[in-house]
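We count residues from 1, following the sequence as given. Heavy atoms only: backbone and side chains are in, while hydrogens, waters and symmetry mates are out.
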Amino acid sequence: MATLSLLLTLLAGGIAALSLCSALVVHFKSPKPRPRDDSENYSLCIDEKHERQRLGSLWDEARVDLSIIVPAYNEEERLPVLLNDIREYVANRRESGGFSYELIIMDDGSKDRTSEVALEFARIHGICELRVVKHVVNRGKGGAVTQGILSATGRNILFCDADGATRFSDIDALLAKMNDGPVIAIGSRNNQALSGTVVERSHLRAFLQWGFHTYVTLLGVRGVRDTQCGFKLFSRRAARLVFPNMHVERFIFDIEILLLARYQDISVVEVPVNWHEVAGSKMSIVRDSIQMALDLLAVRLNYMLGNWIIAESKD
């Protein structure tokens, strides 16, 4: 009896400690997105008549074939490479037929010339479709992506990292997966052996990705091998189901996207892409890895405990 009593006491203590830790994680690590500043409802462009334009809405009817959302924080050096890749892709698409798009650079409170570099590129190449939204305060990559997609007018909506690590023309493989239903096609750096695509990453980055994938799997996010690739395409219907429900504004936002897709039976397909590591990442490997682990735990707990409720779609 004494042994049983001791075991029950230890079990009760363990449950109490786990409950306390969970409560602390939820309280201190749950994201609290700020409302938009009024200036963030407008974009800058090179149109002399309408230099400052009010943003569209995800709930409007689609007006272009493709929206491209680029979250950017202090990206004055790396951004032109991506912009040139997009320009070349658009030129090739238009040679084979009509193609309309918008390119929204979400300047997430940059302290360098990110916005000026983007607009200068647009002026030099005559890209009227390029617009810049400037956040008054940094939100984080997830917040920049979410705010951009909530303002998108494309039938399909892509977000891609500003570093140009993924070959932009690989979007054609993602577009091939789109249909009339809610669909998310995500670039994957884990299937290159099967597809002939090329992935170049450091051993440390590969090890950390493996560890993060294992952790994500343990927390119940299964079925996707590469959750963090910054090259994801959404049908407009899928975006309407996912992004009005988003909470996370930092690096772990990709996981919340996948959770929301699973909860709402949205089709998710991985597509191999060509990717290479680009110097200049804003991530601190140690600090941000710990931060992401805690943020992911907070996300799972909030959905499991019913703190976050998925709103019904207006679609």
Could you tabulate the donor-acceptor pairs under 3.5 Å formed by side-chain atoms of residues 176-183, not counting sequence neighbours?
{"from": "Asn179", "atom 1": "OD1", "to": "Gly181", "atom 2": "N", "distance (Å)": "2.8"}

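Considering only residues two or more places apart in sequence or on other chains, Gln147 meets the side-chain contact (heavy atoms from CB on, under 4.5 Å) condition with Arg36, Met106, His135, Arg139, Leu150. Residues satisfying the salt bridge (Lys or Arg N to Asp or Glu O under 4.0 Å) criterion with Asp65, sequence neighbours excluded, are Arg155. Remark: Val117 pairs with Glu76, Pro80, Arg113 by the side-chain contact (heavy atoms from CB on, under 4.5 Å) rule, at least two apart or across chains. Under the rule for a salt bridge (Lys or Arg N to Asp or Glu O under 4.0 Å), Arg250 has no partner lying at least two apart in sequence or in another chain. Applying the side chain to side chain donor-acceptor pair (under 3.5 Å) test to Asn302 and every residue at least two apart in sequence or in another chain returns Ser30, Asn307. Shown here are the side-chain contact (heavy atoms from CB on, under 4.5 Å) partners of Ala72, two or more places apart in sequence or in another chain: Glu75, Ile105, Thr114, Ala162. In this structure, the side chain to side chain donor-acceptor pair (under 3.5 Å) partners of Arg94, at least two apart in sequence or on a different chain, are Glu129. Take Ala239 and apply the side-chain contact (heavy atoms from CB on, under 4.5 Å) test, not counting sequence neighbours, and it matches Leu58, Ile149, Ile157, Phe234, Phe243. Evaluation of the salt bridge (Lys or Arg N to Asp or Glu O under 4.0 Å) rule for Asp254 yields Lys232 as partners, not counting sequence neighbours.
Clustering of Ile, Leu, Val, Met, Phe, Trp and Tyr side chains at separations under 4.5 Å places Val136 together with Val137.
Contacts classified as ring pair (Phe, Tyr, Trp, His ring centres under 6.0 Å) and involving residues 288-307 (residues at least two apart or in different chains) are given here: Tyr263-Tyr303, Tyr303-Trp308.
Between Phe99 and Tyr101, the two ring planes are parallel [angle under 30°; tilted spans 30° to 60°].
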